[in-house]
Amino acid sequence: MTTRSCLSIVLAAGLGTRMKSDLPKVMHEIGGLPMVGHVLKVLKQAGSDRISVVTGPDMPQLEELVYRLAPTARCYVQHDRLGTAHAALSAKPALEIEADDVVVVFGDTPLVTASTIMKVRQALQSGADVAVLGFRSANPFGYGRLLIKDGQLTAIREEKDASEEERKITVCNSGIMGFAGQHALSLMEAIGNENAKNEFYLTDAVEVANARGLKVVAVTGSETETQGINTRLQLASCEADFQKRMRMDALEKGCTLVAPHTVFFSHDTNLEPGVTVEQNVVFAAGVKVAKGAKIRAFSHLEGATVGADSIVGPYARLRPGAVLGSDTRVGNFVEVKNATFGSGAKANHLSYIGDASVGSKSNIGAGTITCNYDGYLKHRTEVGAGSFVGSNSTLVAPIKLGNGAFVSAGSVITNDVSRDSLVFGRSKQIEKTGRAKKLREKLQAEKDSKA
């Protein structure tokens, strides 16, 4: 299969009207990635060496997204919405460069898998001229039915046009189709618009191909992975199915999810075998967790790397740029942003560590903050290896603590600290004997006078 060329055409011109959104429909996200992004990724995995995306007019943000996610793709505009065949023919310049396989997919089917696209391509490799992806449904009402006789797909019958007997068929049309490259353009151009809406439907290619004596077959995928999205309700349902898939993948690869249904994944979450994830954890985009690490309950991670055997949380937040080495500890109500922790470093409670590096085996006490922003620019804090920063300390960046530095609790540190030094940065304690009692009496008298 790798020697066969493949052109994939992604139909993505939908406006998202039923979603009540200004965004093009395929830009709505599943698992933190726009729907069309899932489709583009799968097409690459399925060996598509050319990808064309058909957009609607005035969708510059969609074109920009496509070129960012798939720099070698080409976008074509369907100026008039006259059906799926008309949409596919908007990419006619791409079709005129013949490929072995032509696959037409929809930009709003984010759960379709590379293995399913490969089934369509394998049917073409085995001699089919047209291959239609279908699925079996326990409740096929509303779907087009695939009419198959002696292994040949003879027609796709829409629900409203189907006979009573045809409606009993449970093999339904997903809309995804494959064409032998030598026939693709001529079949699409032969499709007419003699129907109630005067539109050109790609499914009519089945009957056109049969009339020409070509081989037309059906292959099957699952109903879940071929679901399309037109409404917010369908978007939420698809997200739920995506999360189920990600949870199952994590469990099958050897991760422990204490309460799987409460863990939420991004499209690119990477958990190595042996990771444990407790309840109510959210993985946003760009997270990698190494083997043996534990992500404790109610933590939120984004753009972060967690080293082997580390513990994060509960109630921790790792923001983009957080990189934890092996055997680190980031505990409850600790926020880490654009900061690295060396092996064995700890920040166990109530701290903010931003734009910083924390050396191996250093300890950051409760309530410590790095003051990284002066209102205009961000500045870095560097904490050397084996350092100890006492509770409720404030490190005013830019600042460097040498290896083995010891910062006394409650300090405000504004200057660099040399190696193995003990540093105090707090005001002298003053005690006024008996003054607390007098102050309380004064304040009570003022309160009584206003009553």
Side-chain angles (χ1 to χ4, degrees), residues 1-14 23-79 84-125 131 133 175-185 187-188 202 225-226 228-229 266-268 270 285-286 303:
M1 181 65 73
T2 55
T3 61
R4 293 175 64 86
S5 59
C6 179
L7 165 67
S8 292
I9 300 175
V10 183
L11 306 186
L23 267 184
K25 180 172 66 169
V26 299
M27 291 187 70
H28 288 267
E29 295 183 350
I30 296 293
L33 180 68
M35 286 188 267
V36 72
H38 287 271
V39 176
L40 293 172
K41 182 164 64 172
V42 160
L43 292 175
K44 292 177 194 173
Q45 292 169 348
S48 183
D49 48 333
R50 288 194 293 134
I51 298 175
S52 296
V53 180
V54 178
T55 71
D58 302 319
M59 291 185 176
Q61 70 272 52
L62 175 55
E63 293 190 16
E64 187 178 309
L65 173 68
V66 168
Y67 290 132
R68 178 165 57 83
L69 297 176
T72 61
R74 290 289 306 274
C75 289
Y76 298 90
V77 177
Q78 182 189 21
H79 292 283
T84 50
H86 181 267
L89 281 171
S90 298
K92 185 176 179 179
L95 285 162
E96 289 173 334
I97 304 170
E98 190 174 302
D100 293 317
D101 304 333
V102 174
V103 179
V104 182
V105 301
F106 293 92
D108 66 348
T109 55
L111 297 188
V112 69
T113 62
S115 61
T116 294
I117 297 298
M118 288 299 291
K119 284 185 182 180
V120 175
R121 294 195 63 198
Q122 285 160 0
L124 298 174
Q125 184 181 28
L133 177 65
I176 295 173
M177 299 179 68
F179 298 85
Q182 64 193 44
H183 299 299
L185 181 55
L187 286 172
M188 292 181 195
L202 194 61
E225 70 175 290
T226 55
I229 298 172
S266 174
H267 67 100
D268 59 354
N270 184 347

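Remember, it's a predicted structure, so these values are computed and weren't measured experimentally.
The CG atom of Leu43 sits 11.0 Å away from atom CD1 of Ile9, with the distance rounded to the nearest 0.5 Å. To the nearest 0.5 angstrom, Leu185 atom CG is 5.5 Å from Leu95 atom CG. Arg74 CZ to Glu63 CD: the interatomic distance, rounded to the nearest 0.5 Å, is 10.5 Å. Separation of atoms NZ (Lys41) and CG (Asp268) is listed at 6.5 Å; rounding is to 0.5 Å. Taking CG of Leu124 as the reference point, atom CG of Asp100 lies at 9.5 Å (rounded to 0.5 Å). Ser266 OG to Ile30 CD1: the interatomic distance, rounded to the nearest 0.5 Å, is 11.5 Å.
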Residue pair Val112, Val105: steps toward the side chain to side chain contact (heavy atoms under 4.5 Å, CB included) verdict: CA-CA 9 Å; Val112 69; Val105 301; 6.0 Å; no

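Closest approach of Phe179 to Ala184, counting heavy atoms only: CB-CB, 3.7 Å. Cys6 and Val103 get closest at one heavy-atom pair: SG-CG2, 4.0 Å. Nearest approach of Ala46 to Met118, heavy atoms of both residues: O-SD, 3.2 Å. In terms of heavy atoms, Pro34 sits closest to Glu29 at N-CG, 3.8 Å. For the pair Met188 and Val104, the tightest heavy-atom approach, listed with the atom from each and the gap, is CE-CG2, 4.0 Å. The minimum heavy-atom distance between His79 and Pro57, with the atom names listed, is O-CG, 4.1 Å.
Remark: Asn270 engages no residue in a side-chain hydrogen bond (donor to acceptor under 3.5 Å, both in side chains) (not counting sequence neighbours). Thr113 is linked by a side-chain contact (heavy atoms from CB on, under 4.5 Å) to Ser115, Thr116, Glu225, Arg245, counting only residues two or more places apart in sequence or in another chain. Among residues two or more places apart in sequence or in another chain, the side-chain contact (heavy atoms from CB on, under 4.5 Å) test is passed with Gln78 by Ala13, Val54, Arg81, His86, Ala87, Ser90. By the side-chain contact (heavy atoms from CB on, under 4.5 Å) test, Glu64 is found to be paired with no residue, residues two or more places apart in sequence or in another chain being considered. For Ser48, the side-chain hydrogen bond (donor to acceptor under 3.5 Å, both in side chains) criterion is met by Ser8, not counting sequence neighbours. Residues satisfying the side-chain contact (heavy atoms from CB on, under 4.5 Å) criterion with Val53, sequence neighbours excluded, are Val10, Ala12, Leu40, Ile51, Thr55, Val66, Cys75.
The ring-ring contact (aromatic ring centres under 6.0 Å, His included) analysis of residues 23-47, with sequence neighbours excluded, yields the pairs His38-Phe242. Applying the ring-ring contact (aromatic ring centres under 6.0 Å, His included) definition to pairs two or more places apart or across chains, none involves residues 101-124. Every pair passing salt bridge (Lys or Arg N to Asp or Glu O under 4.0 Å) that includes a residue from residues 105-118 is listed here, sequence neighbours excluded: Lys25-Asp108. Sorted by first then second residue, the salt bridge (Lys or Arg N to Asp or Glu O under 4.0 Å) pairs that include residues 86-98, not counting sequence neighbours, are Lys92-Glu189. Every pair tested for salt bridge (Lys or Arg N to Asp or Glu O under 4.0 Å) that includes a residue from residues 51-61 fails, sequence neighbours excluded, so the list is empty.
At distances below 3.5 Å, not a single donor-acceptor pair connects side-chain atoms of Arg121 with backbone N or O atoms of Asp101.
By the neighbour-count criterion of 12 heavy atoms within 6.0 Å, atom CZ of Arg50 is densely surrounded, having more than that number from other residues, nucleotides or ligands.
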